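Nothing here was measured: the structure is a model prediction, and the numbers come from that model.
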Amino acid sequence: MKIYLTVVLRTKEAYRDQVKKTLQEMVRLTRLEPAAELYNLHQGIEDPNVFTFYEIWKDQAGLDAHNAQPYIKDFGPNMAYFYKKNQH
């Protein structure tokens, strides 16, 4: 069964270019994974500090393999400082 995901990240303005470069590298590497049917990154027009991933995975095993990749496992802990928490 295919898995469809949307992931929204909001970065601090001062780190936007650095974060964008990191996310683009993640896209490049992820698109090499056999289970990644779609892995697109978009940057907000109204708010360029918002990045959105649209993902389609072949199956849960493929998504699990993706989440086990070193560049994904390291992403959260290494990049958390650069992101704003959603404020409502």
Side-chain angles (χ1 to χ4, degrees):
M1 175 190 264
K2 291 186 185 197
I3 298 172
Y4 299 81
L5 296 174
T6 302
V7 178
V8 179
L9 303 170
R10 181 181 305 276
T11 186
K12 297 176 183 177
E13 185 174 354
Y15 304 114
R16 180 174 54 222
D17 292 339
Q18 181 179 354
V19 168
K20 182 177 181 178
K21 184 176 178 182
T22 299
L23 297 177
Q24 288 173 328
E25 180 62 7
M26 285 176 52
V27 168
R28 186 188 72 77
L29 293 170
T30 298
R31 286 180 174 169
L32 298 174
E33 296 178 40
E37 294 186 2
L38 178 76
Y39 197 81
N40 288 341
L41 175 66
H42 300 272
Q43 185 173 10
I45 294 170
E46 292 181 16
D47 184 350
N49 297 321
V50 174
F51 294 91
T52 304
F53 282 102
Y54 296 103
E55 308 175 23
I56 301 175
W57 294 94
K58 182 178 177 179
D59 53 26
Q60 185 63 52
L63 178 57
D64 292 344
H66 168 69
N67 288 330
Q69 297 297 317
Y71 56 90
I72 297 300
K73 288 174 75 171
D74 293 343
F75 176 74
N78 291 335
M79 296 300 290
Y81 175 78
F82 299 107
Y83 290 97
K84 291 170 111 174
K85 298 207 188 273
N86 286 337
Q87 297 176 4
H88 298 281

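Looking only at side-chain heavy atoms (C-beta outward), Gln69 and Thr30 stay at 4.5 Å or farther from each other.
Taking NZ from Lys20 and CG from Leu9, the interatomic distance works out to 14.5 Å, rounded to the nearest 0.5 Å. Note that OH of Tyr71 and OG1 of Thr22 are 14.0 Å apart. Values are rounded to the nearest 0.5 Å. Between atom CD of residue Glu33 and atom CG of residue Leu63 there is a gap of 9.0 Å, rounded to the nearest 0.5 Å. In this structure, CG on Asn49 lies 4.5 Å from CZ on Arg16, to the nearest 0.5 angstrom.
One hydrophobic cluster holds both Phe53 and Phe75 under the rule that ILVMFWY side chains link at heavy-atom gaps under 4.5 Å. By the criterion of side-chain heavy atoms lying less than 4.5 angstrom apart, applied directly or through intervening Ile, Leu, Val, Met, Phe, Trp or Tyr residues, Leu38 is not grouped with Leu41; the two fall into different hydrophobic clusters. Using a 4.5 Å cut-off between side-chain heavy atoms of Ile, Leu, Val, Met, Phe, Trp and Tyr, with links allowed through other members, Phe51 and Met26 fall into the same hydrophobic cluster. Linking ILVMFWY residues whenever their side-chain heavy atoms come closer than 4.5 Å, directly or via other members, places Val7 and Tyr15 in the same cluster. One hydrophobic cluster, built from ILVMFWY side chains closer than 4.5 Å, cannot hold both Leu5 and Ile56; they sit in different ones.
Around atom CG of Leu32, more than 12 heavy atoms belonging to other residues, nucleotides or ligands sit under 6.0 Å away.
Every residue two or more places apart in sequence or in another chain that forms a side-chain hydrogen bond (donor to acceptor under 3.5 Å, both in side chains) with Glu55 is listed here: Trp57. When the salt bridge (Lys or Arg N to Asp or Glu O under 4.0 Å) test is applied to Arg28, the partners found at least two apart in sequence or on another chain are Glu25.
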| request: Kindly determine whether Asp59 and Glu37 satisfy side chain to side chain contact (heavy atoms under 4.5 Å, CB included), including the steps that lead there. | output: CA-CA 10 Å; Asp59 53 26; Glu37 294 186 2; over 6 Å; no
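Ala35 and Gly62 make their closest contact through CB-CA, 3.3 Å (heavy atoms, listed as atom of the first residue, atom of the second, distance).
Under a 3.5 Å cut-off, the side chain of Arg31 and the backbone N or O of Tyr39 do form a donor-acceptor pair.
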